[in-house]
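This report concerns only the one structure given below.
Heads up: numbering here begins at 1 and tracks the sequence.
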Amino acid sequence: MTATDAQVRATVGQEVTRAAVALEAAGVPDARHEARAIWGALVGLPAGDSWLLDKQPAPPGQIDAFRVAVSRRCAGEPMAYAVESASFRMLELAVDARVLIPRPETEGLVDVVLKWVSAKQRSGAVADIGVGSGCIALSLALEGSSERVVGTDIAPGALEVAAANLQRVRPSTYVEFRLGEFYSPLAGEIFDALVSNPPYVTAEEFEGLEPGVRCYEPREALVSGKFGMEHIGRLLAEGKGYLSEGGLIALEVDSERASMALELAREAGWCNARLERDIFGRPRFLLATAG
């Protein structure tokens with residue numbers, strides 16, 4: 001819908017109120033907060049601060065973008081896709097249906113890798129397997145001390161999103177994204193750390209996920225075979241061949257199958273295999289080192 005002269009005179013607060021009514025009618029919880037969050041995301045403000053603009057005239061271009069985003073949210077799209085943006089640690093990243101929306105739990109995976117790199121005083125290379133939007137790789141490059149970060153993904157579309165986010169972030173650390181399955185793009189190279197947030201949902205569990213996830217987020221980024229362990233199993237089975245002695249593998253795992261992942265690591269001969277908890281207190285991160 002194109003902004004008319006009357007729409008140009010509308011204030012931000014009026015637009016937010018109209019949007020809240022539409023969102024509530026569509027069954028979106030906490031509709032007014034959601035409307036503020038959408039406006040804030042489009043103009044670069046936290047939802048809690050967007051009320052400061054309420055009495056200001058809403059620029060026509062922003063009205064158009066806002067109404068499109070609200071319509072997408074009313075149709076059931078996740079918030080991040082509707083505004084084509086998601087926050088992750090220090091980053092504001094472009095996201096769309098080609099990549100998984102970054103989760104708060106995954107921020108903890110970055111934490112454990114950064115702590116390990118710092119404690120071990122490693123400054124070599126880190127590889128992120130299944131890079132998606134680039135949230136892990138770019139956070140490690142921006143916040144860490146590694147000399148380079150390499151990200152791989154099987155999906156060309158995901159690498160396009162990651163490359164766009166690299167241009168947004170422009171970290172001083174060298175970052176490279178490569179197309180290929182699992183470790184194949186890393187052939188012949190050795191890293192100090194391997195990190196991955198792999199798929200770990202079963203096909204049956206996927207069908208039971210909320211519609212905003214099941215209908216919009218990429219299935220291949222979530223489902224890992226009948227038992228949800230195929231990707232984790234392969235990452236553990238092949239990872240040691242790409243690590244320096246004492247190098248780290250750090251995986252995000254399903255908290256319900258964390259003990260299974262830990263057992264797989266031990267069976268594969270990894271050293272110091274252990275689980276660490278996420279921000280919600282659930283066993284979420286599998287850490288192990290190469291002998």
Side-chain angles (χ1 to χ4, degrees), residues 68-69 72 77-89 91-103 106-107 109-110 113 125-142 146 148-171 173-189 191 193-203 206 209 212-225 228-239 241-242 249-252:
V68 168
R72 292 174 66 176
E77 282 195 65
M79 169 78 166
Y81 290 159
V83 300
E84 300 181 349
S85 181
S87 298
F88 186 84
R89 295 181 66 88
L91 305 175
E92 195 66 36
L93 300 172
V95 295
D96 59 34
R98 293 174 290 178
V99 297
L100 197 68
I101 298 169
R103 268 52 171 189
T106 306
E107 296 189 11
L109 182 61
V110 174
V113 175
V126 176
D128 176 11
I129 312 303
V131 74
S133 67
C135 61
I136 294 172
L138 293 172
S139 292
L140 291 172
L142 185 67
S146 297
R148 68 188 180 104
V149 177
V150 178
T152 74
D153 207 290
I154 195 172
L159 291 181
E160 291 172 4
V161 175
N165 283 323
L166 175 60
Q167 292 305 307
R168 279 191 174 199
V169 176
R170 295 185 179 275
T173 297
Y174 177 78
V175 178
E176 180 183 357
F177 297 129
R178 302 175 186 173
L179 179 66
E181 185 180 32
F182 288 93
Y183 299 114
S184 60
L186 310 179
E189 297 181 62
F191 295 82
L194 302 173
V195 59
S196 182
N197 176 19
Y200 53 71
V201 173
T202 70
F206 178 80
L209 294 176
V213 176
R214 185 182 70 253
C215 299
Y216 291 97
E217 298 199 65
R219 187 180 192 277
E220 62 273 16
L222 291 163
V223 176
S224 186
M229 297 296 293
E230 288 185 8
H231 288 74
I232 290 170
R234 185 166 171 184
L235 289 166
L236 291 169
E238 302 175 10
Y242 299 89
I249 188 168
L251 307 178
E252 182 171 329

Practice problem: Measure from the ring center of Tyr242 to the ring center of Tyr183 and say whether it is less than 6.0 Å. | Solution: yes
Quiz item: Are Glu238 and Arg234 within salt-bridge range, i.e. N to O under 4.0 Å?
Solution: yes
Quiz item: Between Tyr200 and Ile232, is any pair of side-chain heavy atoms under 4.5 Å apart?
Solution: yes
Self-check item: Nearest heavy atoms of Val223 and Pro199, plus distance in Å
Solution: O-CB, 3.5 Å
Practice problem: State whether Glu84 and Arg98 are salt-bridged, where the test is any N-O pair (Lys NZ or Arg NE/NH1/NH2 against Asp/Glu carboxylate O) under 4.0 Å. | Solution: no
Quiz item: Which is it for Leu91 and Leu138 under the side-chain contact (heavy atoms from CB on, under 4.5 Å) test, yes or no, and what are the steps along the way?
Solution: CA-CA 8 Å; Leu91 305 175; Leu138 293 172; 3.9 Å; yes
Self-check item: Contact summary for Val175 and Ala141, nearest pair of heavy atoms
Solution: CG2-CB, 3.5 Å
Exercise. Would you mind reporting whether Leu142 and Thr173 have side-chain heavy atoms less than 4.5 Å apart?
Key: no
Exercise. Would you name the heavy atoms of Gly132 and Val99 that are closest together and state the gap between them?
Key: C-CG1, 3.7 Å
Practice problem: Tell me, with the steps shown, if Leu236 and Leu251 meet side-chain contact (heavy atoms from CB on, under 4.5 Å). | Solution: CA-CA 9 Å; Leu236 291 169; Leu251 307 178; 4.0 Å; yes
Quiz prompt | Glu217 side chain vs Ile101 backbone, donor-acceptor pair below 3.5 Å | solution = yes
Quiz item: About how many Å separate CG of Asp96 and CD of Glu160, when rounded to the nearest 0.5 Å?
Solution: 9.0 Å
Self-check item: Within-4.5 Å side-chain heavy-atom neighbours: Pro198 and Leu235
Solution: yes
Quiz prompt | For Arg168, all residues meeting salt bridge (charged side-chain N to carboxylate O under 4.0 Å, His left out), sequence neighbours excluded | solution = none
Quiz item: What's the spacing between Glu176 CD and Leu166 CG if we round to 0.5 Å?
Solution: 10.5 Å
Exercise. Compare every heavy atom of Phe88 with every heavy atom of Cys135, then report the nearest pair and how far apart it is.
Key: O-CE2, 3.5 Å
Exercise. Measure the shortest side-chain to side-chain distance between Val150 and Phe177 over non-hydrogen atoms and say whether it is less than 4.5 angstrom.
Key: no
Quiz item: Rounded to the nearest 0.5 Å, how far apart are OH of Tyr174 and OG of Ser146?
Solution: 14.5 Å
Exercise. Mark yes or no for whether Arg178, through its side chain, and Thr152, through its backbone, hold a donor-acceptor pair below 3.5 Å.
Key: no
Quiz item: Can you check whether Arg214's main-chain N or O pairs, donor with acceptor, with Arg219's side chain at less than 3.5 Å?
Solution: no
Quiz item: If you take all heavy atoms of Ser87 and Glu92, which pair is closest and at what distance?
Solution: OG-OE1, 2.6 Å
Self-check item: Side-chain donor/acceptor of Asn165 to backbone N/O of Ser133, under 3.5 Å
Solution: yes
Practice problem: Over all heavy atoms of both residues, which pair between Ala94 and Val161 is shortest? Give the atoms and the distance, please. | Solution: O-CG1, 3.4 Å
Quiz prompt | side-chain contact (heavy atoms from CB on, under 4.5 Å) between Leu179 and Asp153, worked out | solution = CA-CA 5 Å; Leu179 179 66; Asp153 207 290; 5.8 Å; no
Practice problem: Determine, step by step, whether Asp128 and Asn197 satisfy the side-chain contact (heavy atoms from CB on, under 4.5 Å) criterion, reporting the C-alpha distance in whole Å, the side-chain angles of both residues, the deciding distance to 0.1 Å, and the verdict. | Solution: CA-CA 8 Å; Asp128 176 11; Asn197 176 19; over 6 Å; no
Quiz prompt | Side chains of Val213 and Leu222 in contact at under 4.5 Å (non-hydrogen atoms) | solution = yes
Exercise. Give a yes or no answer on whether the side chain of Ser139 reaches the backbone of Ile136 with a donor-acceptor pair at less than 3.5 Å.
Key: no
Self-check item: Check: His231 main-chain N/O paired with Ser224 side-chain donor or acceptor under 3.5 Å
Solution: yes
Quiz item: Can you find a side-chain donor-acceptor pair between Glu252 and Thr106 that sits under 3.5 Å?
Solution: yes
